[in-house]
2 protein chains.
Amino acid sequence: MVTNKMAKYNRVTIIGVGLIGGSIGLALKKRHLAKEVIGVFRRASTLKRALKRKTIDKGTLSVAEGVKAADIIVIATPVSFIPKMAAEAAGHAKKGAIITDAGSTKKWIVAKTEKATAKRKTLFVGAHPMAGSEHAGVEFATAGLLEGSPCIVTKTGRTDKLALNKIINFWQALGAKVSVMSPAAHDRSIALISHLPHLAAFSLAAAVPVKDIAYAAEGFKDTTRVASSDPELWADIFLSNKKEVLRSGRMFEKRLRELSIALARGNRSQVVKFLGSAKSKRDKFTQPLL
Amino acid sequence: MVTNKMAKYNRVTIIGVGLIGGSIGLALKKRHLAKEVIGVFRRASTLKRALKRKTIDKGTLSVAEGVKAADIIVIATPVSFIPKMAAEAAGHAKKGAIITDAGSTKKWIVAKTEKATAKRKTLFVGAHPMAGSEHAGVEFATAGLLEGSPCIVTKTGRTDKLALNKIINFWQALGAKVSVMSPAAHDRSIALISHLPHLAAFSLAAAVPVKDIAYAAEGFKDTTRVASSDPELWADIFLSNKKEVLRSGRMFEKRLRELSIALARGNRSQVVKFLGSAKSKRDKFTQPLL
């Protein structure tokens with residue numbers, strides 16, 4: 001909890017103010033962390049909606065104008081735009097400004113962004129706040145979205161130590177529980193823990209005939225909830241972490257096959273053993289454990 | 001809504017008073033449907049817990065004693081015990097008593113039970129109230145569990161028409177939305193809509209290494225929620241609907257493979273199309289549509 005009212009930052013700029021960007025803005029303001037929160041938008045209509053929700057103090061359609069004089073720049077656009085946005089922001093940011101992001105994959109984003117910003121005076125430290133929902137858009141943003149949720153901050157050979165600490169501090173100040181790891185380690189973990197459940201949920205919804213959905217109850221509802229997520233957004237996430245997502249998919253298929261074989265053989269004790277071991281793992285998860 | 005306070009039934013007996021049986025008892029009492037609700041138990045400890053939660057008026061460990069003079073007998077034990085319990089209940093029930101059940105699979109249960117009760121004076125009509133949660137036990141029972149949830153009642157060549165109508169009426173009186181279909185049609189639908197999500201959730205929890213669970217957020221949480229269900233219970237459900245569960249599993253794997261191939265090829269438009277079609281199906285499900 002931040003108790004003193006002295007703002008930590010003069011200006012924080014958020015590029016892409018949707019569910020995550022908007023929630024960062026609301027948390028910055030609620031926690032009195034920034035004197036000024038600026039939003040950068042692609043469309044005037046989104047700018048209007050973000051201002052209406054009071055997620056930012058001011059908004060602009062110009063990256064150059066938006067990042068000027070910012071201490072911290074957070075890029076919370078869809079994954080595929082992040083490196084390009086970071087490069088553009090770095091070209092206009094003040095010396096010593098630090099750029100972070102909120103992208104769900106890290107290896108691709110961090111490699112591209114480090115390359116694009118290498119000759120700039122700004123520093124980049126990748127991040128992935130693991131909060132969200134199947135709903136997109138600033139209308140669903142809340143000041144509490146990041147509170148208590150895991151946030152992975154990435155460290156590479158090129159990461160500046162001071163900037164790393166400042167970015168760890170930034171996400172912690174927003175209420176997230178920060179872990180530091182390499183982009184590759186992040187992508188492997190996240191493929192399993194986040195991308196794979198989405199892959200499974202989308203495939204599950206795809207497999208069930210519409211006529212049977214009438215009989216669906218809580219089990220179907222929860223298991224497929226994330227299949228209501230934005231297809232464009234998730235296509236980019238899957239594609240930007242393709243190798244690990246496919247690897248996780250194979251691990252999943254292997255287990256599915258194992259359970260199916262035990263079932264086909266009518267081997268009850270093997271089925272019980274499989275389900276029991278899965279249950280004991282799932283029971284470990286009540287709240288994020290960090 | 002039942003508004004008159006005249007009880008529909010003199011006595012309803014519930015064999016197996018856990019989450020579902022207990023919720024039936026609570027709903028019968030809340031809606032003033034039965035003058036007396038009797039519970040039949042395997043263990044004295046469960047009897048005590050069910051009485052404490054006021055899910056029944058009286059409890060007994062004897063099937064013979066419990067079903068005596070009952071108008072309706074509901075068997076809400078784990079799936080594998082249902083035919084045996086039904087046969088035992090039929091041997092002691094009064095003439096004209098109707099037996100129904102709450103088992104999640106129907107073909108196996110209905111065939112076995114119809115055979116076992118064929119020479120008795122009692123009538124059997126299978127049912128599957130599609131309500132529940134990953135929690136087991138009478139402690140989680142609520143009067144509202146069945147309210148608005150789908151309930152499939154089965155009809156076969158042997159089903160007595162009057163008994164069928166009485167049982168449809170019974171589940172409707174408890175607040176469920178009843179559909180009538182054959183046991184085979186039930187098992188096929190339910191394999192897809194309920195058993196498959198469980199199969200996927202258990203396999204998903206099994207596929208994720210424990211160390212990565214620390215980074216799990218809402219997506220993992222919801223997608224694997226039902227993997228916290230009771231392994232013994234679900235082994236029996238899967239095994240009693242083996243053929244359809246395996247068939248659903250193959251349909252799911254096919255879709256998973258389809259998505260993985262589009263992803264491996266880096267075919268973004270195909271990935272978006274797949275996810276979009278899955279999303280539009282999932283979005284159809286807000287509440288059960290019956």
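Just so it is clear, the model here is predicted, and its values are computed rather than measured. The sequence lines fix the lettering, A, B, ..., with proteins before strands; numbering per chain opens at 1.
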(message) So which residue, B:Lys211, B:His198, B:Met130, ends up with the most heavy-atom pairs under 4.5 Å with chain A?
(response) B:Met130
(request) Inspect the contact between A:Arg268 and B:Asp236 and indicate whether a charged nitrogen and a carboxylate oxygen are less than 4.0 angstrom apart. (result) yes
(message) Tell me which of these, B:Asp212, B:Leu196, B:Val271, B:Ile190, has more heavy-atom pairs under 4.5 Å with chain A than the rest.
(response) B:Asp212
(request) Kindly give the heavy-atom pair with the smallest separation between A:Pro231 and B:Gly276, and that separation in Å. (result) CG-CA, 3.6 Å
(request) Among B:Met251, B:Lys254, B:Lys243, B:Glu232, single out the residue with the greatest number of heavy-atom pairs under 4.5 Å to chain A. (result) B:Glu232
(message) Other residues, nucleotides and ligands only: do more than 12 of their heavy atoms fall within 6.0 Å of NZ on B:Lys281?
(response) yes
(request) Might you work through the side chain to side chain contact (heavy atoms under 4.5 Å, CB included) test for A:Val226 and B:Asp222, ending with a clear yes or no? (result) CA-CA 8 Å; A:Val226 296; B:Asp222 285 356; 5.8 Å; no
(message) Restricting to non-hydrogen atoms, name the atom on A:Ala214 and the atom on B:Pro150 that form the minimum distance, rounded to 0.1 Å.
(response) O-CG, 4.1 Å
(message) Quick check: closest heavy atoms across A:Leu256 and B:Ser203, and the distance to 0.1 Å?
(response) CD1-OG, 3.3 Å
(request) Using a cut-off of under 4.5 Å on heavy-atom pairs, state which of A:Arg250, A:Lys273, A:His128, A:Glu253 scores highest against chain B. (result) A:Glu253
(request) Locate the shortest heavy-atom distance separating B:Phe274 from A:Phe202; write the atom from each residue and the value. (result) CE2-O, 4.0 Å
(message) If you define the side chain from C-beta out and look only at heavy atoms, does anything of A:Thr224 sit under 4.5 Å from B:Pro197?
(response) no
(message) Please classify the contact of B:Leu263 with chain A as side chain, backbone, both or neither, using a heavy-atom distance under 4.5 Å.
(response) both
(message) Using a 4.5 angstrom heavy-atom cutoff, name the option from B:Leu204, B:Ile152, B:Leu239 with the most pairs to chain A.
(response) B:Leu204
(request) Identify which part of B:Ser260 has an atom lying under 4.5 Å from any heavy atom of chain A, answering side chain, backbone, both or neither. (result) both
(message) Just checking A:Lys155: does its NZ atom have more than 12 heavy atoms from other residues, nucleotides or ligands closer to it than 6.0 angstrom?
(response) no
(message) What part of B:Ser194 gets within 4.5 angstrom of chain A, counting heavy atoms only: side chain, backbone, both, or neither?
(response) neither
(request) Sort B:Leu233 into side chain, backbone, both or neither according to what part of it lies under 4.5 angstrom from a heavy atom of chain A. (result) neither
(message) To check you understand the geometry: which heavy-atom pair defines the closest contact between B:Arg225 and A:Arg282, and what is its length?
(response) CA-NH2, 3.5 Å
(request) Look at B:Ile193, B:Leu192, B:Val208 and state which one has the largest set of heavy-atom pairs under 4.5 Å with chain A. (result) B:Ile193
(message) Among A:Ala278, A:Pro209, A:Ala262, which residue has the highest count of heavy-atom pairs closer than 4.5 Å to chain B?
(response) A:Ala278
(message) Shorter than 4.5 Å, heavy atoms on both sides: which option in B:Ala205, B:Ala201, B:Gly266 has the most such pairs with chain A?
(response) B:Ala205
(request) Check step by step if side chain to side chain contact (heavy atoms under 4.5 Å, CB included) holds for A:Met181 and B:Tyr215. (result) CA-CA 12 Å; A:Met181 60 178 79; B:Tyr215 310 111; 3.4 Å; yes
(message) Only pairs of heavy atoms separated by less than 4.5 Å count here; which of A:Ala200, A:Ala207, A:Ala206 has the most with chain B?
(response) A:Ala206
(request) Kindly say whether B:Ala227 contributes a backbone atom to a donor-acceptor pair with the side chain of A:Lys279 at under 3.5 angstrom? (result) no
